[in-house]
Amino acid sequence: MYQIKSQIYMNMTKTQKSALCNFLRALVKKSPEFSIDEIFDKFLDDERYYFEINNPHFEFLEDYLDDEQFLSDTKLYLKECRKYYDYKKKQEPIIQAQKEFEKKKRAFLREVKMSKDEPTKKQLYYYERLCKKYNIEKKELTSKLEARNEIERLLNEYSRDFENIDR
């Protein structure tokens, strides 16, 4: 798509070309159910309509709307945009799997780091309070990870006991 962009609309300024290409790309993206010909026809009809009511999206297009080179360039760009978005859609499951893998990797690395750090004062204080509350003998906690897991275990174990009493 980006390679085609440098080969089309040669007689437009850089700003005009960019604005038109962004607009066309957005058209293709928001209407995946339409064919390229339908999108192309809709674009031309809309632009002609806006010129008729004196409210054009792109004033510079007035000279180009009937130019064969402009029409062929537009169609070519629309086809390239469709290829790009179809390819992107096919890649989506791979990208999602990659994101999921990265998420698991970050969680694993976070736990590795926690296993090497000493527990915080807050964790130790909270663990001490839980042990007092539930009359449990304290263990020596050596890492943040161990403290977190032990606190979670106590909360889960004793919250289940309280749920059973309520029933």
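Side chains included, hydrogens not; waters and symmetry mates left out as well; all remaining heavy atoms used. Bear in mind the structure is a predicted one, so any value in this text is a computation, not a measurement.
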### Task
Look at the side chain of K99 and the backbone N and O of I94, then say whether any donor-acceptor pair between them is shorter than 3.5 Å.
no

### Query
Looking at side-chain heavy atoms only, is the closest gap between K139 and E150 below 4.5 Å?
yes

### Closest approach of C21 to K5 (non-hydrogen atoms, all atoms of both residues)
CB-CE, 3.6 Å

### Message
Quick test of your reading of the model: are K83 and E80 salt-bridged, counting only N-O distances below 4.0 Å?
### Response
yes

### Message
Salt bridge check, K138 against E128: does any charged N sit closer than 4.0 Å to a carboxylate O?
### Response
yes

### Heavy-atom check, side chain of I136 versus side chain of Y158, under 4.5 Å
yes

### Message
Do Y84 and I39 sit in one hydrophobic cluster, given that two such residues count as connected whenever their side-chain heavy atoms are within less than 4.5 Å of each other, even indirectly?
### Response
yes

### Query
Rounded to the nearest 0.5 Å, how far apart are CD of Q96 and CD of Q98?
10.5 Å

### Query
Do I4 and L20 sit in the same hydrophobic cluster, where Ile, Leu, Val, Met, Phe, Trp and Tyr count as joined when their side-chain heavy atoms come under 4.5 Å apart?
yes

### Task
State plainly whether one hydrophobic cluster holds both L154 and L145, where clusters connect Ile, Leu, Val, Met, Phe, Trp and Tyr through side-chain heavy atoms under 4.5 angstrom apart.
no

### side-chain contact (heavy atoms from CB on, under 4.5 Å) between E100 and K103, worked out
CA-CA 5 Å; E100 199 59 39; K103 189 176 179 183; 4.2 Å; yes

### Summary
Separation between CD1 (I151) and SG (C131), nearest 0.5 Å, reads 9.0 Å

### Query
So, does E38 use its side chain to make a donor-acceptor pair with the main chain of S35 at under 3.5 Å?
yes

### Query
Which is it for K144 and Q123 under the side-chain contact (heavy atoms from CB on, under 4.5 Å) test, yes or no, and what are the steps along the way?
CA-CA 8 Å; K144 281 184 179 180; Q123 282 179 316; 3.6 Å; yes

#### Entry: Residues R48, L44; criterion side-chain contact (heavy atoms from CB on, under 4.5 Å); working and verdict
CA-CA 6 Å; R48 286 192 176 110; L44 288 179; 3.8 Å; yes

### Query
Could you give the distance from CG (L130) to CZ (R153), rounded to the nearest 0.5 Å?
10.5 Å

### Task
To the nearest 0.5 Å, tell me how far I36 CD1 sits from R82 CZ.
4.5 Å

### Task
Answer yes or no: is there a side-chain heavy-atom contact under 4.5 Å between L71 and F40?
yes

### Message
Would you say F43 ends up clustered with L76 if hydrophobic residues are merged whenever their side chains have heavy atoms under 4.5 Å apart, either directly or through other cluster members?
### Response
yes

### Summary
Between S143 and S115 the two heavy atoms that sit nearest each other are CB-O, 3.3 Å

### Query
Is it the case that one hydrophobic cluster holds both Y77 and F60, taking links as side-chain heavy atoms less than 4.5 Å apart, direct or via other members?
yes

### Query
What distance separates K113 NZ from F108 CZ, expressed to the nearest 0.5 Å?
15.0 Å

### Query
Near E59 CD, under 6.0 Å, is it more than 12 heavy atoms from other residues, nucleotides or ligands?
no

### L65 vs F51, side-chain contact (heavy atoms from CB on, under 4.5 Å): CA-CA, chis, key distance, verdict
CA-CA 10 Å; L65 280 180; F51 274 111; 3.7 Å; yes

### Task
Enter the distance from S18:OG to M12:CE here, rounded to the nearest 0.5 Å.
11.5 Å

### Query
So, T74 versus Y9: side-chain donor-acceptor pair below 3.5 Å or not?
yes

#### Entry: Close side-chain approach of E111 and R148, heavy atoms under 4.5 Å
yes

### Query
Once the angle between the rings of F23 and F58 is folded into 0 to 90°, is it parallel (under 30°), tilted (30 to 60°) or perpendicular (over 60°)?
perpendicular

### Query
For E140, does the CD atom have more than 12 heavy-atom neighbours from other residues, nucleotides or ligands under 6.0 Å away?
no

### Query
Quick one: are L61 and Y64 in side-chain contact, heavy atoms under 4.5 Å?
yes

### Query
How would you list, by chain and number, every residue that makes a side chain to side chain contact (heavy atoms under 4.5 Å, CB included) with Q69, sequence neighbours excluded?
D67, S72, D73

### D46: side chain to side chain contact (heavy atoms under 4.5 Å, CB included) partners, not counting sequence neighbours
K42, Y50

### Message
Is it the case that atom CD in E68 sees more than 12 heavy atoms from other parts of the structure closer than 6.0 Å?
### Response
no

